[in-house]
2 protein chains.
Amino acid sequence: MGTALNALKMLDLFSNSLAEIGLSQISRLSGLNKATALRHLRALEEFGLIEQNPQTKTYTIGPAALRLAALREIAKPGLEGARQKMQAAMLDVGESLHLTLLEKDTLQTAVVVETTQHSVRVSLDPSEVIPINATASGLCMLGFGPSFLLSRLDQEEQERFTDATLTDPDLIKEKVALIRRAGWANSNGSYEEGVFGFAAPIFGISQVALGTISIAVPDIRATSERLPVILKSLQSLSRDLTANFGGQMPETFPTEFHP
Amino acid sequence: MGTALNALKMLDLFSNSLAEIGLSQISRLSGLNKATALRHLRALEEFGLIEQNPQTKTYTIGPAALRLAALREIAKPGLEGARQKMQAAMLDVGESLHLTLLEKDTLQTAVVVETTQHSVRVSLDPSEVIPINATASGLCMLGFGPSFLLSRLDQEEQERFTDATLTDPDLIKEKVALIRRAGWANSNGSYEEGVFGFAAPIFGISQVALGTISIAVPDIRATSERLPVILKSLQSLSRDLTANFGGQMPETFPTEFHP
DNA sequence: TAACACGGTTCAAATAATGAACCACTTACC
DNA sequence: GGTAAGTGGTTCATTATTTGAACCGTGTTA
């Protein structure tokens with residue numbers, strides 16, 4: 001059901017590593033017939049969500065995406081302010097930052113600020129859905145977000161990404177209990193080898209987390225000397241961004257993060 | 001032809017002043033049947049381009065817009081860098097800035113940075129198409145953009161917005177000749193009463209303008225003392241943004257803007 | 001030269017979109 | 001307290017649009 005949806009789903013094919021795609025490849029990846037894929041692409045192009053490179057004939061995400069994002073910012077303000085705070089924090093700690101938001105029942109990347117300080121950096125794909133069991137953001141959301149996330153743990157099998165990925169619901173719950181006490185979550189290569197993630201919650205109006213702010217560090221820089229700097233930044237971002245989105249922190253939430 | 005396109009066109013109903021719309025109103029505004037509108041909205045919602053407020057039942061642009069904008073930034077980088085340069089210029093001159101890009105054959109707003117210095121400010125709607133005859137950006141594009149824009153002047157009647165709007169093709173061409181010599185364009189209330197616009201071109205690789213950068217000033221602050229500051233900022237933005245987008249300025253382009 | 005992959009087109013067949021009428025509910029008004 | 005008009009949302013027979021196998025012309029590779 002829904003040709004419009006099928007057309008839109010083609011947009012999901014584009015990603016960080018696959019920014020330009022040709023017709024045949026789109027047809028293959030989407031499973032749609034080449035003719036239908038083309039007609040959909042034409043429709044999306046007319047609206048501006050798709051753009052075709054006249055030389056290479058490949059397709060990319062179009063400029064309408066920016067226009068819609070600006071409208072989204074009007075409807076649900078805050079993200080632009082958040083980006084600025086993240087930018088400042090990036091310059092301070094020198095690492096890449098991600099802001100994720102809970103949309104419907106999945107955790108999605110909303111803002112990415114990559115570090116300009118190091119050439120070895122963590123680069124996160126904005127089109128990826130954040131796995132709740134394998135990332136610092138996901139675990140953090142389990143700890144401070146709506147409770148249905150935790151109860152869903154027992155119903156669905158959790159995907160494994162690396163050797164360090166937590167997949168057993170009971171082990172995850174143990175970890176979540178620790179996170180609740182600490183106020184922040186970490187993931188040491190449990191999503192991708194060599195990537196250390198540190199995340200803190202952003203709370204909404206009812207003291208339930210609506211998203212997370214996280215700092216991603218390559219293992220070579222994830223030393224114990226740098227941890228206090230990262231945690232300090234994370235803590236103040238958690239507070240600032242909660243305020244930025246008009247939320248409120250629970251009284252029980254720690255005002256300082258300890259390693 | 002194209003149900004997908006019809007669905008997408010509903011997104012165009014949202015604007016700066018109409019950020020949340022109910023089903024019946026959407027049906028009325030779009031001319032679609034209520035049932036059809038609802039099914040389209042559901043499809044858009046499933047993709048995330050539309051979000052429904054559970055309380056009021058109204059619809060808004062959804063979070064997928066942000067995800068797509070991030071992907072667009074990967075495919076066609078530069079806008080984020082441009083935003084930062086504009087932000088700096090905004091703090092410098094204290095006025096709102098707009099970056100427009102020529103998409104297909106219309107001029108569209110790509111980045112808006114509103115002033116944080118004054119409560120009386122010019123606020124531009126990112127969903128609006130920029131009229132080529134009435135705005136500083138439009139006139140600037142006529143002067144430095146692809147030539148088909150100029151030749152189209154004689155074919156289509158130009159819309160009138162205020163008493164000061166130029167609609168006669170010959171008068172417009174005279175103005176464009178002046179702009180070409182000066183390097184910058186202005187519009188004194190020719191689009192909206194009380195708004196003074198100043199624009200300079202952003203050049204592409206072939207020394208043809210691919211967009212414009214403009215500063216919008218409310219009439220009360222559009223004094224002759226402030227003009228040099230505005231022009232200086234505009235000139236350096238024109239240069240910086242041309243470089244930012246990998247373009248090249250024509251040798252004949254003035255290195256200084258004079259009132 | 002032949003084989004293959006590319007982007008794009010065609011048109012009969014099949015599927016999915018459509019819309020008038022309807023429901024349940026809330027608000028406003030006499 | 002009754003009614004009229006608004007809202008969001010549903011139903012289902014009718015209709016029109018989407019669909020896809022085969023096809024074309026071109027460019028690349030072996």
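Scope of the values below: all heavy atoms of this structure, side chains included, with no hydrogens, waters or symmetry mates. Each chain gets a letter, A, B and so on, in the order its sequence line appears, and its residues count up from 1.
- Across the protein-nucleic acid pair, A:Arg42 atom CZ and C:dT10 atom C1' stand 14 Å apart, rounded to whole Å.
- You'll find the side chain of B:Ile61 stays beyond 4.5 Å of the side chain of A:Lys76, heavy atoms only.
- Across the interface with DNA chain C, nearest-nucleotide mapping of B:Arg39 and A:Gln52 shows A:Gln52 to be the residue nearer the 5′ end.
- With hydrogens and angles ignored, no donor-acceptor pair under 3.5 angstrom links the side chain of A:Lys34 to the base of D:dG20.
- A:Leu8 places a side-chain heavy atom less than 4.5 Å from the side chain of B:Leu8.
- At a cut-off of 3.5 angstrom, the base of C:dG8 holds no donor-acceptor pair with the side chain of A:Lys57.
- Which of C:dA17, D:dT7, D:dT19 sits closest to the side chain of B:Thr3 comes down to C:dA17.
- Between A:Thr212 and A:Ser214, the side chains place no donor N or O within less than 3.5 Å of an acceptor N or O (distance only, hydrogens not considered).
- Put simply, CG on A:Leu38 is 13 Å from C1' on D:dT19, counting in whole angstrom units.
- Atom C1' of nucleotide C:dA17 and atom CG of B:Leu5 are separated by 15 Å, given to the nearest angstrom.
- B:Ile50 CD1 to B:Ile26 CD1: the interatomic distance, rounded to the nearest 0.5 Å, is 6.0 Å.
- Side-chain atoms of A:Arg28 lie closest to C:dC6 of the nucleotides D:dG9, C:dT10, C:dC6.
- When the nucleotides D:dT7, C:dG19, C:dG7 are ranked by their closest atom to the side chain of B:Ser24, D:dT7 comes out on top.
- Here the P atom of nucleotide C:dG7 and the NE2 atom of A:His40 are 18 Å apart, to the nearest Å.
- Between A:Asn6 and A:Thr36 there is no side-chain heavy-atom pair separated by less than 4.5 Å.
- For B:Leu8 and C:dA17, the CG to P distance is 14 Å, given to the nearest whole Å.
- A:Tyr59 has its OH atom 8 Å from the P atom of C:dG7, to the nearest Å.
- The interatomic distance linking A:Asn33 (CG) with C:dC6 (P) rounds to 15 Å, in whole Å.
- Separating the CG atom of A:Asn6 from the C1' atom of C:dA16 is a distance of 11 Å, rounded to the nearest angstrom.
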